[in-house]
Amino acid sequence: LPQKTKIMFRTKPNDQLVNFLDDPFLQLSNEFDIPPHVTYMNNSGKTPLPRSVKNEGELALQREGDPWTMQTSCTESIRSLFAKIIHATSDDISIVPSTGFAMTLFAKNLFRDSSAATRRVLILQDGMSSEVYAWQEYSSNGCHVEFIIVPHPMSQSQKMGWTPLILEYLEKNGNVDVCCLPQVHWSDGSFIDIKIIGEYCHEQGIKMVVDGTQSIGILEFNVEEIMCDAVACSVHKWLLSPHGMSLVYINPKYHNSWLPLDQHERSRVAFQDEVYDAIENKIGRRGYPDELLSGARRCDSGGKKNPILEPMICQGLKIVNSINLEKAQHHLKRLIDEILEGGKRIGFGVQPGPRCGHIIGLRPRSEEMVQLLTPERMVLVARQMQKRGVFLAVRSGAFRISPYLYTKSKDVKRLITILEEECLKV
């Protein structure tokens, strides 16, 4: 944040305010109620909720229990706050319950007018299931989807990582319809330069869809530079919010043509006026008026947005907007480098190529660790570590470790010590 900038958030029922100043990391550390015996390194699985986010949830629950009190919606604030993070406008943002829902929405609309018998979708090996199932479903609906699967960059000749491999597979597998990628691979934090990929897809007329769940909120993300068609991002990781929502970007060129995945009144123009509900005999021979809203709002999922989740998500997005992401990446990379150094000492390594600063995947590399750590034993190690208060995940052959701005060097030392102890016990 610029010098002298002061951002204030409501955190308590008595309207006391907390200030996030130039150095938000210290304040953020104090915002998380993590017990001293817990070393939490799984922010890429689920973020602990900042205290101010939990407070908003308590207030919202009180309001929900007393429906005669003033009920206010945060829906439009959520749109504008998320739009600011990804350099979009609120008209570009749709709100749905999950990233799986969002990807299904993308597949339905991008393939809706295609007459091709086969559609080709490029994905990454071991990508998040939400990035696969939506396209996979079309193979059981009368057409065939062929996946172009980019393999893990494993050899030293592939030390540049995913990005050149993706370009290679796009070039040698012509007529790709959709490129569905994350900015950061969910299993190990390996980085994909989606700006370069986006430029290539734009030039070649390939649709580009991005799962931003593991990067938006902690890594710079600019839809204008990426030139993507659509983006989905679950809020319960790096957007510091509870489960239950995915925020969606839809390129403006689709604002008046895409259709919602489910049918409901909230996407219709007629029902935006509360007087319409007071009118009698509204159903005609074709049913209710079917004109959809303009912009991405037409693709919102049905039902009233959860009045308990919304204020919490709004607060989480306010905090994210206050963070200098460049400084955050620098801070986290220092911790990740410490984790890698400790991991190498006890027989682990990482996949070749660039990595983000907030997730690392430690893979068995020494002969001893390779022999010891089958996938089943890695899961057992993670369970045993959890019993000792150290939390990480096992994903696609790696111990996935994801610190946050509350993490300290002492947490890294405890992580490596207990990881080594538990690996040698199995």
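This structure is a prediction, so every number in the text was calculated from the model and none was measured. For reference, positions follow the sequence shown, starting with 1.
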Restricting to pairs with a member in [range], which pass salt bridge (charged side-chain N to carboxylate O under 4.0 Å, His left out), not counting sequence neighbours?
{"range": "residues 84-95", "value": "D91-R297"}
{"range": "residues 185-204", "value": "D188-R363"}
{"range": "residues 240-250", "value": "none"}

### Message
With a 4.0 Å cut-off on N to O distance, would you call K305 and E310 a salt bridge?
### Response
no
| query | Is any NZ, NE, NH1 or NH2 atom of the basic residue among E58 and K54 found under 4.0 Å from an Asp or Glu carboxylate oxygen of the other? | reply | no
Across all chains, not counting sequence neighbours, the side chain to side chain donor-acceptor pair (under 3.5 Å) partners of S80 are none
Taken in chain and number order and not counting sequence neighbours, the residues that satisfy side chain to side chain donor-acceptor pair (under 3.5 Å) with K253 are D229
By side-chain contact (heavy atoms from CB on, under 4.5 Å), P182 pairs with (sequence neighbours left out) L124, E131, I192
Residues at least two apart in sequence or cross-chain that pass side-chain contact (heavy atoms from CB on, under 4.5 Å) with F391, listed by chain then number, are V38, Y40, Q386
Q | Pair F106 and W135, ring centroids less than 6.0 Å apart | A | no
| said: I'd like to know if the side chain of T99 and the backbone of A102 have a donor-acceptor N/O pair within less than 3.5 Å. | reply: no
If only side-chain N and O atoms count, and only distance matters, is there a donor-acceptor pair under 3.5 Å linking [Y] with [X]?
{"X": "N30", "Y": "R51", "value": "no"}
{"X": "S98", "Y": "S246", "value": "no"}
{"X": "K318", "Y": "S77", "value": "no"}
{"X": "Q315", "Y": "S52", "value": "yes"}
{"X": "S402", "Y": "N43", "value": "no"}
{"X": "K387", "Y": "Q384", "value": "yes"}

Should we say atom CD of E76 is surrounded by more than 12 heavy atoms from elsewhere, each under 6.0 Å from it? yes
Rounded to the nearest 0.5 angstrom, the OG1-CG distance for T104 and N109 is 11.0 Å
For residues 348-359, please give each side-chain donor-acceptor pair under 3.5 Å, one per line with the distance, not counting sequence neighbours.
residue : atom : partner : partner atom : Å
Q351    : OE1  : H152    : ND1          : 2.9
H358    : ND1  : Q329    : NE2          : 3.0
H358    : NE2  : Q214    : O            : 2.8

side-chain hydrogen bond (donor to acceptor under 3.5 Å, both in side chains) pairs touching residues 268-287, sequence neighbours excluded, are Q263-R268
Closest non-hydrogen atoms of D262 and G302, given as atom of the first, atom of the second and distance, are OD2-N, 2.9 Å
Suppose the criterion is ring pair (Phe, Tyr, Trp, His ring centres under 6.0 Å): which pairs have a residue in [range], not counting sequence neighbours?
{"range": "residues 63-103", "result": "none"}
{"range": "residues 186-217", "result": "none"}
{"range": "residues 282-317", "result": "F271-Y288"}

For this session: Examine K172 relative to Y169 and say whether NZ or CZ is less than 6.0 Å from the centre of the six-membered ring and inside a 45° cone about the ring axis.
Result: yes
